[in-house]
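In this text the structure is predicted, and so the values were computed from the model without any measurement. In the text below, chain A, chain B and the rest are named by the order of the sequence lines, each starting its count at 1.
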4 protein chains.
Amino acid sequence: MTKTRREQAEWRREQLLDAALKVFAAKGVDGASVKDIAEAAGVTPGLLYRYFESKEALVTTLLSERGFLPQLRELLTADHRGRPAVEMLTELLGAFDALLADNADLMAVFFGATQARAALAELVGEGQRLIGDFLAARVAEGELRPHDTATAARTLFATVAVSRRTGSPLDVARLVELLFPHER
Amino acid sequence: MTKTRREQAEWRREQLLDAALKVFAAKGVDGASVKDIAEAAGVTPGLLYRYFESKEALVTTLLSERGFLPQLRELLTADHRGRPAVEMLTELLGAFDALLADNADLMAVFFGATQARAALAELVGEGQRLIGDFLAARVAEGELRPHDTATAARTLFATVAVSRRTGSPLDVARLVELLFPHER
Amino acid sequence: MTKTRREQAEWRREQLLDAALKVFAAKGVDGASVKDIAEAAGVTPGLLYRYFESKEALVTTLLSERGFLPQLRELLTADHRGRPAVEMLTELLGAFDALLADNADLMAVFFGATQARAALAELVGEGQRLIGDFLAARVAEGELRPHDTATAARTLFATVAVSRRTGSPLDVARLVELLFPHER
Amino acid sequence: MTKTRREQAEWRREQLLDAALKVFAAKGVDGASVKDIAEAAGVTPGLLYRYFESKEALVTTLLSERGFLPQLRELLTADHRGRPAVEMLTELLGAFDALLADNADLMAVFFGATQARAALAELVGEGQRLIGDFLAARVAEGELRPHDTATAARTLFATVAVSRRTGSPLDVARLVELLFPHER
DNA sequence: CATGAATGAGTATTCATTCAT
DNA sequence: GATGAATGAATACTCATTCAT
């Protein structure tokens, strides 16, 4: 029942990564001190340096070892043949969503600035609401076909914002054409 | 031509906010020191405290005064009647995109973690590519109608991710139905 | 009577150098902490960094600004003509000795290892004594002319040791010939 | 061929002292960490404490066990009768010089301050050169008898410096009289 | 209005040492 | 005998903030 040295070391390493992930997510990478992490792991700061070269190494290790890109890849490349695309797609995106939820802490590390989070939420919320209102009005006037305007607004807003942030330019006309094909 | 006291004070305040925004965007809020900001403004750190109570106040001021939510609001609530919805929507999203581009520095403050940026870009890139491949395969098989699969993939990915991040739950089925109505 | 800012800064700088020199001499450069130096100056450690970039900069500044090489140079190159060489030389070496005494703290910085100082003193003491005994015996036997054997021993020992330490090889035969010319 | 327990222990002890001496000489006592020494000996830091109570004990052991005072004593007290003093003295000092060379590492431990070594060398070099110039000038003027002025300068400089450093006061007049007897 | 000297609390990191295995 | 996990205290250095000038 007792651990061997090797097991104990592996366990401690994981425990430290767990603690670091949690603390980084809560306070941001810069906002979290090595002492914070050590305390969260019930350990002295010095011990951290037996397992990781530096605080920065902790971050990069977290990003590489705890990154969920492999899972994402597996998820999306599995053999999906023989089942209806729409059903399949729904399941797929659901799984992707769940993956993000499971890795909420890591996602939080990607987005630092704890302080600005509320302001960001407000911006996103209002943006989506306003676009939704616009769409709903046009549906009411009969110009656009009836559809889930709230979801459409979300889609439009998110796509523009993510494209802008990740640096890959977006052809807005294509996006609109995708959602509202052949409408005039 | 000389400034009044009031004008000079206002000018300095704005100058300090400009400097802070630039430095925050470049180094992250935590990574930027008051000295950094002061230097960027060609001023001593002490002076900052005549205009702002603390470093934190600088951030919140930036978020509230330099937030582009008012512009966004104006943009989306203008009177759009009398012009085709699709044309209008394209213009609207284009303007929104431009607004984000103009406020790139502020957006950078929303998303800190300089260190993780590369990892995030990789995740987003690969995720979108994989979904795109899936869609293209189904179009090739004739199951899905021909469409811009790359843009669709972007849309799906971005919408799921943003929803997860902003905390508002997303009904994935609705999202799929929106993009691929009545397909089976 | 009050100091200008400029004067105060200059004064503080010197005060910090004074404190550093004293502490370095007492504890050795490595043994002395920045906190030690700050305390010796009645100041917070942080302040030190307004005046010097690092602890190392403190050492090099001490070596360059407080080095007494200029004084030594002046001492030895002054115009000595017109006075007997022996008288002059005695005065010169006395002044050199006084210069070293005045800069005892700095000399202590040149020679670190507080711990080994006693052992070194013992080595030097015994070495000189033994050489002195040898010389005295030979004088007693009439082989060497009567002379101040203690001083001769000191001279021989010191010259060999310093040459070895400073890396410039010494021709021992020349040294002996210098002190005991034509004796056999 | 295999070692007894006792022999193995003795061997390890010596090996650790060897490693410590080498590392201390290279990095200075304070600059060398126990880990450095252990690594140099191909061993873990913990093991050091089975053989020596502390890092300090390592230094004092080195100083007492590896001190070459016994050898120096033997060298200088051997029976020298029956051979000319000058020849004997030359041989003696040569052996002393060799002894210092053999124990260069230990000598380096006596003199720490790696940082100041260059400054010290400059001081010594220039000092000896200037005194040499003075002597040469007086020889040229015929006031002093022709002699090896460079060696004399070295002798004078070294003797004053060592005396000052070891704390035993020196009568400068006696030193001059020793080198230049009856000259005026 | 603006400076810059000064502080106090904090930072990441190192290290001598202990001890269970 | 030897290891290596763990600690606690120290280290050099940074930084937000205050305030006399």
Just to be sure I understand the rule, does A:Phe52 reach a base, reach only the sugar-phosphate, or reach nothing, if contact means heavy atoms closer than 4.0 Å? nothing

May I ask you to say whether B:Lys55 pairs ionically with B:Asp30, meaning some side-chain N is under 4.0 Å from a carboxylate O? no

With a 4.5 Å limit on heavy-atom distance, are the side chains of C:Ile37 and C:Leu16 in contact? no

Using a cut-off of 4.0 Å on non-hydrogen atoms, how would the nucleic acid contact of D:Ala32 be classed: base, sugar-phosphate, or nothing? sugar-phosphate

Do any side-chain nitrogens or oxygens of C:Gln8 fall under 4.0 Å of OP1 or OP2 in E:dT3? no

Would you mind classifying the nucleic acid contact of C:Arg12 as base, sugar-phosphate or nothing, using non-hydrogen atoms under 4.0 angstrom? sugar-phosphate

Go through A:Asp18 and A:Arg66 one step at a time and tell me if the salt bridge (Lys or Arg N to Asp or Glu O under 4.0 Å) criterion holds. CA-CA 10 Å; A:Asp18 289 344; A:Arg66 298 289 175 96; 2.8 Å; yes

Below the 4.0 Å mark, does E:dA6 have OP1 or OP2 next to a side-chain nitrogen or oxygen of C:Gln15? no

Quick one: is E:dC15 close enough that its OP1 or OP2 comes under 4.0 Å of any side-chain N or O from D:Lys35? no

Output yes when at least one side-chain N/O atom of C:Arg50 is less than 4.0 Å from OP1 or OP2 of E:dA5, else no. yes

Is the distance from OP1 or OP2 of F:dA2 to the nearest side-chain N or O of D:Tyr51 less than 4.0 Å? yes

Could you check how far CZ of C:Arg13 sits from P of E:dG4, rounded to whole Å? 17 Å

I would like to know whether A:Asp102 and B:Arg164 meet salt bridge (Lys or Arg N to Asp or Glu O under 4.0 Å); could you show each step before the answer? CA-CA 11 Å; A:Asp102 284 351; B:Arg164 186 42 63 194; over 6 Å; no

Considering every strand and a 4.0 Å limit on heavy-atom distances, what is the contact class for A:Ser33: base, sugar-phosphate, or nothing? sugar-phosphate

Let's see if you can work this out: which of F:dT3, F:dA20, F:dA5 has an atom nearest to the side-chain heavy atoms of A:Arg5? F:dT3

